> 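One structure, as structure tokens, below. Some questions next.
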Amino acid sequence: QVQLVESGGELVQAGGSLRLSCVVSGRTFSRYSMAWFRQAPGKEREFVAAIAWSTSITVYADSVKGRFTISRDNALNTVYLQMNTLKPEDTAVYYCAASQRYYRLSYEITYDYWGQGTQVTVSS
């Protein structure tokens, strides 16, 4: 059973930075593509960023490109989301997700395992 635990969400002012972490249980973390999604109040969950296990290719939503960076440390079974120049519209619950696939990384259906989420609030 694969378990994902996110951390790092908090209240931050606009223009600030945060780094989210997601620790994944299991022995084959290096063979999982990882992604971050987010869900704002009253909205559907949306894709934020992903990193493929096979090539480490990264994919970003247009809304975060140039501001957010996804990375992974296979030795620590951890994926990170570095978020810079935060905006109030980045306020959401951020979810970590894992998949053994390495394609269609921006689609929710690609992912088999999900964390419980961590709240990020950006004040104006």
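What's counted below: heavy atoms across the whole structure, side chains too, no hydrogens, waters or symmetry copies. Note that the coordinates shown come from a computational prediction; the quantities given were computed from them, not determined experimentally.
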> Are any side-chain N or O atoms of Ser124 and backbone N or O atoms of Pro88, one a donor and one an acceptor, separated by less than 3.5 Å?
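No.
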
> Which ILVMFWY residues are connected to Val12, directly or by a chain of links, through side-chain heavy atoms under 4.5 Å apart?
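Under the 4.5 Å side-chain rule, Val12 groups with Val2, Leu4, Leu18, Leu20, Val24, Phe29, Tyr32, Met34, Trp36, Val48, Ile51, Tyr60, Val64, Phe68, Ile70, Val79, Leu81, Met83, Leu86, Tyr94, Tyr113, Val120, Val122.
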
> Hey, what do you get for CZ (Arg101) to OG (Ser33), rounding to the nearest 0.5 Å?
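Between Arg101 CZ and Ser33 OG, I get 9.5 Å after rounding to 0.5 Å.
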
> Do Arg45 and Trp114 make a side-chain contact, defined as non-hydrogen atoms from C-beta onward lying under 4.5 Å apart?
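Yes, at least one pair of side-chain atoms sits under 4.5 Å.
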
> Would you say Ser7 and Thr118 make side-chain contact, with heavy atoms under 4.5 Å?
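No; the side chains remain at least 4.5 Å from each other.
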
> Between the side chains of Lys87 and Asp90, is the shortest nitrogen-to-carboxylate-oxygen separation below 4.0 Å, so that they form an ion pair?
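The answer is no: the pair does not qualify as a salt bridge.
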
> Short question: side chain of Thr85, backbone of Arg67 - any donor-acceptor pair under 3.5 Å?
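Checking the backbone N and O of Arg67 against the side chain of Thr85, no donor-acceptor pair under 3.5 Å is found.
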
> Rounded to the nearest 0.5 Å, what's the gap from OH on Tyr102 to CZ on Arg31? Could you check?
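If I round to the nearest 0.5 Å, the distance is 10.0 Å.
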
> Can you confirm whether Gln116 is buried at CD, in the sense that more than 12 heavy atoms of other residues, nucleotides or ligands lie under 6.0 Å from that atom?
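Atom CD in Gln116 is not crowded, with 12 or fewer foreign heavy atoms closer than 6.0 Å.
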
> If only atom types and distance count, is the side chain of Ser106 paired as donor or acceptor with the main-chain N or O of Phe47 below 3.5 Å?
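The answer is no, because no donor-acceptor pair under 3.5 Å joins these two groups.
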
> Could you tell me which non-hydrogen atom of Tyr95 sits nearest to which non-hydrogen atom of Gly115, and how far apart they are?
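Closest approach of Tyr95 to Gly115: CD2-O, 3.6 Å.
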
> Main chain of Gly117, side chain of Glu6: is a donor-acceptor contact present, judged purely on distance under 3.5 Å?
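It does hold such a pair.
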
> With a 4.5 Å cut-off on side-chain heavy atoms, are Thr91 and Gln119 touching?
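The answer is yes, as the side chains (C-beta and beyond) meet within the 4.5 Å cut-off.
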
> Checking the side chain of Gln3 only, and the main-chain atoms of Ser25 only, is there a donor and an acceptor separated by less than 3.5 Å?
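Side chain of Gln3 to backbone of Ser25: no pair is present.
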
> Hey, is NZ on Lys43 packed in by over 12 heavy atoms from elsewhere, all under 6.0 Å?
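Open.
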
